Amino acid sequence: GDAIGAAAVLPDRTIYVTTTGGQLARYNPFSDPPIVPDPTTAMPFSTPPLLAKDALYAGRNTRRLVKMNLQGAELKSYLLSAEITAGPVMGPGGQIVVGAQDGILYSFTTDLDLRWVQFTGAPVLGAPAFTSDALYIVNQGGVHAYHPHSGEPLWSHPIAETVTGG
């Protein structure tokens, strides 16, 4: 399958990429052999990988956010209400944040325990961004800010043109 979005890279130059064919590709030009998953069991990914706390996180097109070890073995997963369209990203307090096609924003611990959910009003497009005091998302309703630790809405600002993600 085709590579999805950005790569995740370790300090030793190990590169991780997810594919639409369900593969987690690992490559290090100086050491490890690449990961070659069993293609009969791989479910397609829908997001690029996030490297955080010695684990990899990625969305599958089956509405699952998965946590994998650095060898590609799935450790845990969480079934969302719709396909993941934004993230995963690492936010304040070590949270993993994803947005879904149905407009729901999810925050998880690094063990994929649910911290909070927030309905945003439209599909979440593009990766969420953080500052120390806010989480920002973009959807067809505009730009929205949420409290990063509780998910409570802070403010919203409409955008005149249609937003297409990015």
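Index from 1, following the sequence. As the structure is a prediction and not an experimental result, all values here were calculated from the model.
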Shortest non-hydrogen contact from [X] to [Y]?
X      : Y     : answer
Ala7   : Val17 : CB-CG2, 3.9 Å
Met43  : Thr62 : CE-CG2, 3.4 Å
Met68  : Ala58 : CE-CB, 4.2 Å
Val98  : Gly87 : CG1-C, 4.4 Å
Leu105 : Gly99 : CD1-CA, 4.1 Å
Ile84  : Gly59 : CD1-CA, 3.6 Å

Under 4.5 Å between side-chain heavy atoms, counting indirect links through other Ile/Leu/Val/Met/Phe/Trp/Tyr residues: same cluster for [X] and [Y] or not?
X      : Y      : result
Val97  : Ile104 : no
Leu80  : Val124 : no
Leu135 : Leu125 : no
Val89  : Tyr146 : yes
Ile96  : Leu51  : no

Query - Asp113, CG: over 12 other non-hydrogen atoms inside 6.0 angstrom - result: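 For Asp113, atom CG is crowded (more than 12 foreign heavy atoms under 6.0 Å).
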Fill in: CA sep, side-chain torsions, deciding dist, call: Ile4, Thr20, side chain to side chain contact (heavy atoms under 4.5 Å, CB included)
CA-CA 7 Å; Ile4 299 173; Thr20 57; 3.9 Å; yes
Can you tell whether the side chains of Arg64 and Glu83 come within less than 4.0 Å, N to carboxylate O?
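No salt bridge links Arg64 with Glu83.
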Find the distance between [atom1] ([X]) and [atom2] ([Y]) and round it off to the nearest 0.5 Å.
X     : Y     : atom1 : atom2 : result
Thr14 : Leu70 : OG1   : CG    : 8.5 Å
Arg60 : Phe45 : CZ    : CZ    : 3.5 Å
Leu24 : Glu74 : CG    : CD    : 11.0 Å
Asn69 : Lys76 : CG    : NZ    : 15.0 Å

Under the criterion side chain to side chain donor-acceptor pair (under 3.5 Å), I'd like the reasoning laid out for Gln101 against Thr85: C-alpha separation, chi angles, the key distance, then a yes or no.
CA-CA 6 Å; Gln101 179 68 32; Thr85 55; 4.8 Å; no
Item checked: side chain to side chain contact (heavy atoms under 4.5 Å, CB included) between Ile159 and Val143, intermediate numbers included -> CA-CA 7 Å; Ile159 298 175; Val143 179; 3.5 Å; yes
Step by step, work out the side chain to side chain donor-acceptor pair (under 3.5 Å) result for Asn139 and Thr120. CA-CA 8 Å; Asn139 66 18; Thr120 68; 3.2 Å; yes
- Mind checking whether Leu112 and Leu65 have side chains closer than 4.5 Å, heavy atoms only?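 Yes; the side chains approach each other to less than 4.5 Å.
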Are any side-chain N or O atoms of [X] and backbone N or O atoms of [Y], one a donor and one an acceptor, separated by less than 3.5 Å?
X      : Y      : answer
Tyr57  : Met90  : no
Ser77  : Val66  : no
Arg115 : Thr109 : no
Asn28  : Asp12  : yes
Lys67  : Thr110 : yes
Gln118 : Gly151 : yes

Using the side chain to side chain donor-acceptor pair (under 3.5 Å) rule, take Ser81 and Tyr106 through it: C-alpha gap first, then chi angles, then the decisive distance, then the call. CA-CA 10 Å; Ser81 57; Tyr106 294 83; 2.8 Å; yes
Determine whether Phe119 and Asp102 satisfy the following criterion, side chain to side chain contact (heavy atoms under 4.5 Å, CB included), listing intermediate values before the conclusion.
CA-CA 8 Å; Phe119 181 65; Asp102 61 359; 5.8 Å; no
Is the distance from the ring center of Tyr136 to that of Phe130 below 6.0 Å?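 When the ring centroids of Tyr136 and Phe130 are compared, they turn out to be at least 6.0 Å apart.
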For this session: Carefully, step by step, assess Asn61 and Ser46 under the rule side chain to side chain donor-acceptor pair (under 3.5 Å).
Result: CA-CA 5 Å; Asn61 73 354; Ser46 61; over 6 Å; no
